[in-house]
Asker: 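Got a structure here, written out as structure tokens. Questions coming.
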Amino acid sequence: MKPPLVVGNWKMHGAESEARRLARRIRRGSGRMRGVEIVLAPPFTALHEVRRVARGSRLALGAQDVHWEAQGAFTGEISPQMLAEAGCSFVIVGHSERRRLFHESNQIVTQKLSAALLSGLRPILCVGETWEERRTGKTMRVIAGQLGTALKGLEKSAIEKVEIAYEPVWAIGTGRNATADQASEVHLRIRSLLKELAGTRIAAGCRILYGGSVRPDNAAELSRAREVSGALVGGASLKAEDFLAIVRCFVP
Ligand code: PEP
């Protein structure tokens, strides 16, 4: 059984000195939080500094995005091999901000996911519905489409290495989180889709994180929700004490 996983997605925040300060505080505060895996995903430019701070600690390094090619004429992009070399062991793939603002299709997400796995990175695959899709009863169809396209064609042994993050688009950065029941309902569906794709044993071992306005005051309830095996945290990961309070809720 894998431990719970809590990921801090710093998005486009954190110049080097801020990133150093934040990572140091999180390092200091998380020293005794055993039994939970913690990943920091700073902007690309702060990876080096956060890696330095995290060395020898329980903190792992993640990136927020990746390109699918190893190298080439792709101005502005970063390859999986480069991220691995920079010390990343995780990478977020298919975040709704990438899908929405940068027009990433399910197809592109699939390419990124496969490339990350080939380089030994653990992808954190984000799926989630918009408010309009939820309102019109399409949530499960959207999730099944995103998950099915991304994982179709992967070996079962590769699916085991993918972390899934259910992030309702309407909950990201809005202060309006899904309730524990809403999260559980979708997580249960994701678990059954994983069973169909990879079989019961592998599906049971996959972690399904919840993301979307997780804060210290709702993390405990979300952490107890059925099938929630961790959290992907945006805004609240930028304050060490808030992020640590959230991590604490997932300590077994
Ligand atoms: C995110 O960016 O993945 C996220 C969940 O953001 P927030 O926690 O700010 O809603």
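On a predicted model such as this, the values are computed, not experimentally measured, just so you know. When a residue number appears, it is its place in the shown sequence, counting from 1. As the structure lists them, so they are numbered: ligands from 1, and atoms in each ligand from 1.
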Asker: At the 4.0 Å heavy-atom cut-off, does His95 count as touching ligand 1?
Answerer: yes
Asker: Any idea which atoms of ligand 1 are less than 4.0 Å away from a heavy-atom of Gly212?
Answerer: 5 (C), 10 (O)
Asker: Determine, stepwise, if the pair Thr110 / Gln107 fulfils side-chain hydrogen bond (donor to acceptor under 3.5 Å, both in side chains).
Answerer: CA-CA 5 Å; Thr110 306; Gln107 194 51 46; 5.0 Å; no
Asker: Under a heavy-atom criterion of less than 4.0 Å, does Ala236 contact ligand 1?
Answerer: no
Asker: By number and element, which atoms of ligand 1 are closer than 4.0 Å to a non-hydrogen atom of Gly173?
Answerer: 7 (P), 9 (O), 10 (O)
Asker: Less than 4.5 Å apart, side chain to side chain, heavy atoms only: is that true for Cys126 and Glu167?
Answerer: yes
Asker: Under 3.5 Å between any N/O of Glu167 and any N/O of ligand 1: does that happen in this structure?
Answerer: yes
Asker: Looking at ligand 1, is there an atom of it that comes within less than 4.0 Å of some heavy atom belonging to Cys126?
Answerer: no
Asker: At less than 4.0 angstrom from any non-hydrogen atom of Ala171, what atoms of ligand 1 do you find?
Answerer: 10 (O)
Asker: Provide the full list of side-chain hydrogen bond (donor to acceptor under 3.5 Å, both in side chains) pairs with a residue in residues 38-50, sequence neighbours left out, each pair given once.
Answerer: Arg20-Glu49, Glu49-Arg52
Asker: Which atoms from ligand 1 have a heavy atom of Gly235 less than 4.0 Å away?
Answerer: 7 (P), 8 (O), 9 (O)
Asker: Go through it in stages, so that I can follow the logic: the residues are Ser192 and Arg189, the test is side-chain hydrogen bond (donor to acceptor under 3.5 Å, both in side chains), and I'd like the CA-CA distance, side-chain angles, deciding distance and then a yes or no.
Answerer: CA-CA 5 Å; Ser192 80; Arg189 179 71 187 120; 3.1 Å; yes
Asker: Is the shortest heavy-atom distance from the side chain of Asp65 to the side chain of His95 under 4.5 Å?
Answerer: no
Asker: Is a side-chain donor-acceptor pair under 3.5 Å present for Tyr166 with Gln182?
Answerer: no
Asker: Quick one: look up the protein heavy atom nearest atom 8 (O) of ligand 1 and list residue, atom name and how far away it is.
Answerer: Gly234 N, 2.8 Å
Asker: On the six-membered ring of Trp170, is Arg135 placed so that its NZ or CZ lies under 6.0 angstrom from the centre and within 45° of the ring axis?
Answerer: no
Asker: With heavy-atom distances below 4.0 Å as the criterion, list the atoms of ligand 1 near Asn9.
Answerer: 1 (C), 2 (O), 3 (O)
